[in-house]
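In what follows, every chain begins at residue 1, and chains take the letters A, B, ... in the order their sequences are listed.
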2 protein chains.
Amino acid sequence: MTVDLSARQRILDAAAGLLSERGYGETSLRLLASEVGIKAASVYYHFDSKEALYTEVLQAGMDIMIDRFEAVEEADFDSGRSRLQAHVSGHLDALHSNLQYTALHVSEFRTAPATVRTQLVPRRDEYESMWTALLTAVLPETPATEISILRLGLFGAMNSSIDWFDAAKGGLGEFSDVITDAFWAGADNRKRRIAS
Amino acid sequence: MTVDLSARQRILDAAAGLLSERGYGETSLRLLASEVGIKAASVYYHFDSKEALYTEVLQAGMDIMIDRFEAVEEADFDSGRSRLQAHVSGHLDALHSNLQYTALHVSEFRTAPATVRTQLVPRRDEYESMWTALLTAVLPETPATEISILRLGLFGAMNSSIDWFDAAKGGLGEFSDVITDAFWAGADNRKRRIAS
DNA sequence: TGGACTGCCTAACGATCGTTAGGTAGGGTC
DNA sequence: GACCCTACCTAACGATCGTTAGGCAGTCCA
């Protein structure tokens, strides 16, 4: 009954790394297997197919982001702005602490096989709706269409950091500040301008 | 002396479409050729290799963005904000008017073969430095490190629109407004807060 | 009329791909 | 000691890949 999960996990980790670095088509099962120290055929003992493995890696990436969002929500906030700030920090930290899994979701989802994409849509929608609810709560009186645009812009800005962020050059803190400032003040300013 | 460019151009166009839709590894020359109505081997009459073709498509995408930036710069602006706004609009319009070429640059560059990436770096750097100069001009007194962060966040927000923008659901104008508002007011607000 | 050039073709090369079939060493259970 | 399960292995399958060699119809110029 004791199942050894470590080999399976090692395959998942290696797959996440290779997939996010090289893309789906350029990552062969033989290369992946050699990274783990086994043969390609042995991957099939743990996973049904390359697509199933891909799906599971992407699923794990999404779970990481959702878990973090829920953890952040546990805290108490003295303002809408600090709540937004905490979530921006949380998203960025979760993103970069598990880059192989999460970056894959940002950069490779679009070109993933249709069967893979379909399985992931519900979980992605779930995460998006969490953010929509958050923005609606901290930016009341902002129309839904604008909330939607803000969320997409915010996601774009945050997720782009996987392409350029270099931990050696400084923390994510400053980026987190700038982004929060931008979308907070921007929305606020816009609201006042339109109201007048 | 008259060279027939139409076939070559048709290959480039089809390649841009397939590459941005399916990724490099999943786009075979046989599929590409069938799209154009020729055989895979005939692609080699026009291009040296698959990588050379890929490089040229990416190069064209970058040229589109740079040309647009320069065209926008021709105009007169009555404020830094309107200048920024014009460039944001221009970037978004150029991006979406040539989506197959430009989206490829945003989404697939990271996983492109090293030899392809190396050839494109100078042109990408050029475009980035144009934006750095722009932001430095319209946001004076903002430290260089923050300009850099702002540019990266702005790029991320704008470029993410390739994943979700649906022309059928409305124009890019509103997104352009929201983004400009955010980064303008955010930087402004931040400057005042830090100064105090 | 003939040679050169253009723009495609067919056929095939070796390499590599995801995947399957079947075997085997080693540990746990009765 | 017989059995079974786990976690791998070797070997091979057909398919597909990028690429090359060589041929052929058409056009153009001398």
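Within residues 13-28 of chain A, the residues that place at least one heavy atom under 4.0 Å from DNA chain C are, in residue-number order, A/T27, A/S28.
A straight line from CD1 of B/I38 to C1' of C/dG7 spans 9 Å, rounded to a whole angstrom. The OH-P distance, from B/Y44 to C/dC9, rounds to 15 Å in whole Å. Between the CG atom of B/L53 and the P atom of D/dT19 there is a distance of 10 Å, rounded to whole Å. Rounded to whole Å, the distance from NE2 on A/H46 to C1' on D/dA7 is 6 Å. Rounded to a whole Å, the CZ atom of A/R30 is 16 Å from the P atom of D/dC17. Rounded to an integer number of Å, the gap from CD of A/E51 to P of C/dC17 is 17 Å. Between A/L29 atom CG and C/dT20 atom P the separation is 11 Å, expressed in whole Å.
Between the side chain of B/Q100 and the main chain of B/A16, no donor-acceptor pair closer than 3.5 Å is present.
Here D/dA21 is the nucleotide among C/dA21, D/dC17, D/dA21 with the atom lying nearest to any side-chain atom of B/A41.
Side-chain N/O atoms of A/K39 include none lying less than 4.0 angstrom from OP1 or OP2 on D/dC9. A close approach under 4.0 Å does occur between a side-chain nitrogen or oxygen of B/S42 and OP1 or OP2 of C/dC9. When the side-chain nitrogen and oxygen atoms of A/Y45 are compared with OP1 and OP2 of D/dC8, none of them lie within a distance under 4.0 Å.
Other residues, nucleotides and ligands contribute at most 12 non-hydrogen atoms within 6.0 Å of the CG atom of B/D48. In this structure, B/D67 places its CG atom where more than 12 heavy-atom neighbours from other residues, nucleotides or ligands lie under 6.0 Å away.
By the 4.0 Å N-to-carboxylate-O rule, B/R81 lies close enough to B/D181 to be salt-bridged with it. A salt bridge between A/E128 and A/R123 is absent, with no side-chain N of the basic residue lying under 4.0 Å from a carboxylate O of the acidic one.
The aromatic rings of B/Y54 and B/Y24 lie parallel to each other, with less than 30° between the two planes, well short of the 60° mark.
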